[in-house]
Amino acid sequence: PEPTAPPYQFVVKESSDFETSHPNFDIYVAVVDSANKPLSDYRLVGTHSSGLRQESRPSASDWTENSGAMHYKAGNIKYEAFNSPAGVWTLQLVDPSGLPAAAPVEFPFDPNQPTWYFIVFERQSG
């Protein structure tokens, strides 16, 4: 039999996208346990199809990032890439030790049709 990759600690529980008018690549992220409690010290490592690489600040243990009134979403990390070029961002959730905690997720971005995203990473119990 073929070897299988070990399961990740987190799965994507929710993912949404919304139109916006600003040219930044923005993702509001909730890193939570199975009771929807925010978890601290996780980061997102983003790699753009052009080769750009950027890391987020660590996640907070509370709801610290809010998207605004039109499409309100609360998270504990905001990943931002100012003046992002068109292309695809691949984001990897990493644990406090820097090890992958969830499968990588891809997000297309076009500054001519800007979109912001929201994603929930939920830690699996067991």
Self-check item: side chain to side chain contact (heavy atoms under 4.5 Å, CB included) assessment of V31 paired with I77
Solution: CA-CA 8 Å; V31 181; I77 302 177; 4.0 Å; yes
Does the salt bridge (charged side-chain N to carboxylate O under 4.0 Å, His left out) test come out yes or no for E122 and K37, once each step is laid out?
-> CA-CA 9 Å; E122 182 181 273; K37 180 182 182 291; over 6 Å; no
Residue pair V29, L44: steps toward the side chain to side chain contact (heavy atoms under 4.5 Å, CB included) verdict = CA-CA 9 Å; V29 181; L44 287 166; 3.3 Å; yes
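The two residues A103 and Q92 come nearest to each other via the heavy atoms C-NE2, 4.3 Å. Between N76 and E65 the shortest heavy-atom distance is C-CG, 4.3 Å. Closest heavy-atom contact between G87 and S49: CA-OG, 3.5 Å. The shortest heavy-atom contact between A101 and Y8 is O-CB, 3.4 Å. Of all heavy-atom pairs spanning S61 and S40, the tightest one is N-CB, 3.8 Å. Taking both residues in full, the closest heavy atoms of A74 and A30 are given as O-CB, 4.0 Å, listed atom of the first, atom of the second, then distance.
Residues L91 and V11 are members of separate hydrophobic clusters, defined by side-chain heavy-atom contacts under 4.5 angstrom among Ile, Leu, Val, Met, Phe, Trp and Tyr. Linking Ile, Leu, Val, Met, Phe, Trp and Tyr whenever their side-chain heavy atoms come within less than 4.5 Å leaves F10 and V94 in two separate clusters. Tracing side-chain contacts under 4.5 Å through hydrophobic residues (I, L, V, M, F, W, Y), one never reaches W63 starting from L93; they form parts of separate clusters. Grouping the Ile, Leu, Val, Met, Phe, Trp and Tyr side chains by contacts below 4.5 angstrom, directly or via other members, places V12 with L39.
No side-chain heavy atom of D26 sits under 4.5 Å from any side-chain heavy atom of T20. In this structure, the side chains of Y42 and Q9 come closer than 4.5 Å at one or more pairs of heavy atoms. Inter-residue side-chain proximity for D17 and W116 is flagged as unmet; no heavy-atom pair is nearer than 4.5 Å. Contact of the V120 side chain with the V32 side chain is registered, since non-hydrogen atoms from C-beta on lie closer than 4.5 Å. Between P114 and H22, every side-chain heavy-atom pair lies at or beyond the 4.5 Å cut-off. No side-chain heavy atom of F118 sits less than 4.5 Å from a side-chain heavy atom of S67.
Using a 4.0 Å cut-off between charged nitrogen and carboxylate oxygen, E55 and R57 do not count as a salt-bridge pair.
With rounding to the nearest 0.5 Å, the separation of CZ in F25 from CG in N83 is 14.0 Å. Once rounded to the nearest 0.5 Å, the distance linking OG of S59 with CG of D95 reads 10.5 Å. Remark: R53 CZ to T90 OG1 distance equals 12.5 Å, nearest 0.5 Å. Distance OG/S21 to CD/E19: 10.5 Å, rounded to 0.5 Å. Here the OG atom belonging to S84 is positioned 8.5 Å from the CG atom belonging to N24, to the nearest 0.5 angstrom. The distance from atom OH of Y79 to atom CZ of F107, rounded to the nearest 0.5 Å, is 10.5 Å.
Side-chain contact annotation: K73 with Y28, donor-acceptor N/O pair under 3.5 Å absent. No side-chain donor-acceptor contact under 3.5 Å links W89 and T47.
Side-chain atoms of H48 come within 3.5 Å of backbone N or O of A86 as a donor-acceptor pair.
If you look at F18 and Y117, their ring centroids are not closer than 6.0 Å.
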